[in-house]
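Just the heavy atoms: all of them, side chains too, but no hydrogens, waters or symmetry mates, feed the values below. In what follows, chains carry the letters A, B, and so on, assigned in the order in which the sequence lines appear, proteins first and then strands, with residues in each chain numbered from 1.
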2 protein chains.
Amino acid sequence: MGMGRPREFDADVALDQAMEVFWRHGYEGATIAQLTEAMGINPPSLYACFGNKEGLLKAALNRYTKLRGVWMDGVVAAPTAREVAERMLMGIAEKQTDPANPPGCLLVQGGIACGTGSENVPFELAARRAENEDQLRERFVRAKAEGDLKPTSDPAALARYVSAVSVGMGVMASSGSDREALRQVASVAVQAVEAQSAHG
Amino acid sequence: MGMGRPREFDADVALDQAMEVFWRHGYEGATIAQLTEAMGINPPSLYACFGNKEGLLKAALNRYTKLRGVWMDGVVAAPTAREVAERMLMGIAEKQTDPANPPGCLLVQGGIACGTGSENVPFELAARRAENEDQLRERFVRAKAEGDLKPTSDPAALARYVSAVSVGMGVMASSGSDREALRQVASVAVQAVEAQSAHG
DNA sequence: CCAGAATTGTAGTGTTCACTACAGATGTGG
DNA sequence: CCACATCTGTAGTGAACACTACAATTCTGG
């Protein structure tokens, strides 16, 4: 028995294009017509490969978070909690204003509020953001154990905080803030982590 | 010449209902059918009164920002920059998890990314958020002049920072974070403003 | 070379969307 | 009471949406 006609497009390349459309227009704002045009394929190919629009989003998110996870590994490798926060927020200021991508962060731009039938999309994105927060929290737990953070500090709260600032910066970037404005925010934000660090 | 049949509904009451729908579903996710049902009117009444869907959004935003402006006046009336930040962020933790409203903030939930034909909605929301930031910046400029903030501090950066944290908290609230989680974020965030305060 | 399996492009499907034509209703000014 | 202006409900409008039926195409296994 034959294995059928082989796919003529590269799924990962197509996902990169779809990612950009979701990033720029959000899940609901992105149309199948825009997606297929950007991906260079026709609707039947899209549905055969990804199931439906939401399946395509999840596949794009998988690809996005995989790349992001690698970057986060480098972030949490910083020697101190303060430097972790700085590397993270300054890096985000760069990435979210990188002209190679739409401004902001796909995990925010993808959809914060959705209409009937897409209610779970915002939660799907939130779950991906939570993964980053988990990585941060574990790193801050270690920092506290190492005496890098004060004994009175709350690693979970710090991780939530850094995550919240990241999201806020993403929204700013998508509505026109430039790189310098984001760097200023990051610079101020780091001082709260500094305040929780054991000095010396 | 007669003045025509009088309107049978209260525009402000109707706007409150519309606000809630935009808040929960976003601009694109909210349908005219949902809006008219919540407002208790029929489509022709909506279009006669507000022009179109975007006109309705702007009218709802006007009402939202008017109420919010009153609240902000109380926030910036706090005696120090640190207390301004604390009152603002702690108040936002309360408001964004108030069960009387949808979670989060209308100026964020309304729409961060939109499809073709609604590209200016995110910018409209950003402009409203910028008004809040302006109020904060002016207050921090005064705090610096009064010696409440360090001479080396950057009032504009601090205002941007507090605004960014607010937005991040709104996204968290809309994706399920509870009041205590937001309070933790606010508590950490205030420490960055504290770090820019002249101690004594 | 042939049978079966999977992909492809064309050309739609029904549904839902924002928005409106129209006729009847309800007010004001003369 | 009448002319006029505006609102209201019913019932749609064309356009855009996510998604798919179908036949032609291109591969593998025997």
(request) Using whole Å, report how far NZ of B:K53 lies from C1' of C:dC17. (result) 8 Å
(request) Give a yes-or-no answer on whether the side chains of B:R128 and B:N62 include a donor-acceptor pair shorter than 3.5 Å. (result) yes
(message) So for the helix from C:dC1-D:dG30 to C:dG30-D:dC1, with five pairs setting each end axis, what is the inter-axis angle to 10°?
(response) 10°
(request) Please check if any side-chain donor atom of B:Q196 sits under 3.5 Å from a side-chain acceptor atom of B:D154, or the reverse. (result) no
(request) Within residues 24-44 of chain B, find the residues that approach DNA chain D with a heavy atom at under 4.0 Å, and present them sorted by residue number. (result) B:N42, B:P44
(message) Strictly below 4.0 Å, N to O, side chains only: are A:E20 and A:R24 in salt-bridge contact?
(response) yes
(request) Taking only Lys NZ, Arg NE, NH1 and NH2, and the carboxylate oxygens of Asp or Glu, determine whether A:D98 and A:K95 approach each other closer than 4.0 Å. (result) no
(message) Show the nearest heavy-atom pair for residues B:L125 and B:L107, with the distance to one decimal.
(response) CB-O, 3.5 Å
(message) How many whole angstroms separate atom CE of A:M3 from atom C1' of C:dA3?
(response) 16 Å
(message) If we ignore hydrogens and angles and just use 3.5 Å, is the side chain of A:N52 paired with the main-chain N or O of A:G55 as donor and acceptor?
(response) yes
(message) Expected output is a numbered-order residue list: members of residues 115-128 of chain A with a heavy atom under 4.0 Å from any atom of DNA chain D. What is it?
(response) none
(request) Look only at the side chain of B:S187 and the backbone of B:R183, and say whether a donor-acceptor pair between them is shorter than 3.5 Å. (result) no
(message) Tell me every residue that passes salt bridge (charged side-chain N to carboxylate O under 4.0 Å, His left out) with A:D16, counting only those two or more places apart in sequence or in another chain.
(response) A:R63
(request) Identify whether A:M169 and B:V171 are in the same connected component of the hydrophobic contact network (ILVMFWY, side-chain heavy atoms under 4.5 Å). (result) no
(request) Under the side chain to side chain contact (heavy atoms under 4.5 Å, CB included) rule, collect the residues that match up with A:P79, sequence neighbours excluded. (result) A:E83, A:R87
(request) Would you please classify the geometry between the A:W23 ring and the A:Y64 ring as parallel, tilted or perpendicular, with 30° and 60° separating the classes? (result) perpendicular
(message) Tell me which residues in residues 4-12 of chain A lie within less than 4.0 Å of DNA chain D, going by non-hydrogen atoms.
(response) A:G4, A:R5, A:P6
(request) Taking only Lys NZ, Arg NE, NH1 and NH2, and the carboxylate oxygens of Asp or Glu, determine whether B:R129 and B:E133 approach each other closer than 4.0 Å. (result) no
(request) Tell me, yes or no, whether the heavy-atom count around A:E37 atom CD, taken from other residues, nucleotides or ligands under 6.0 Å, exceeds 12. (result) no
(request) Tell me whether the OP1 or OP2 atom of D:dC7 has a side-chain N or O from B:S45 closer than 4.0 Å. (result) no
(request) State whether B:Y47 places a side-chain N or O below 4.0 Å from either non-bridging phosphate oxygen (OP1 or OP2) of C:dC19. (result) yes
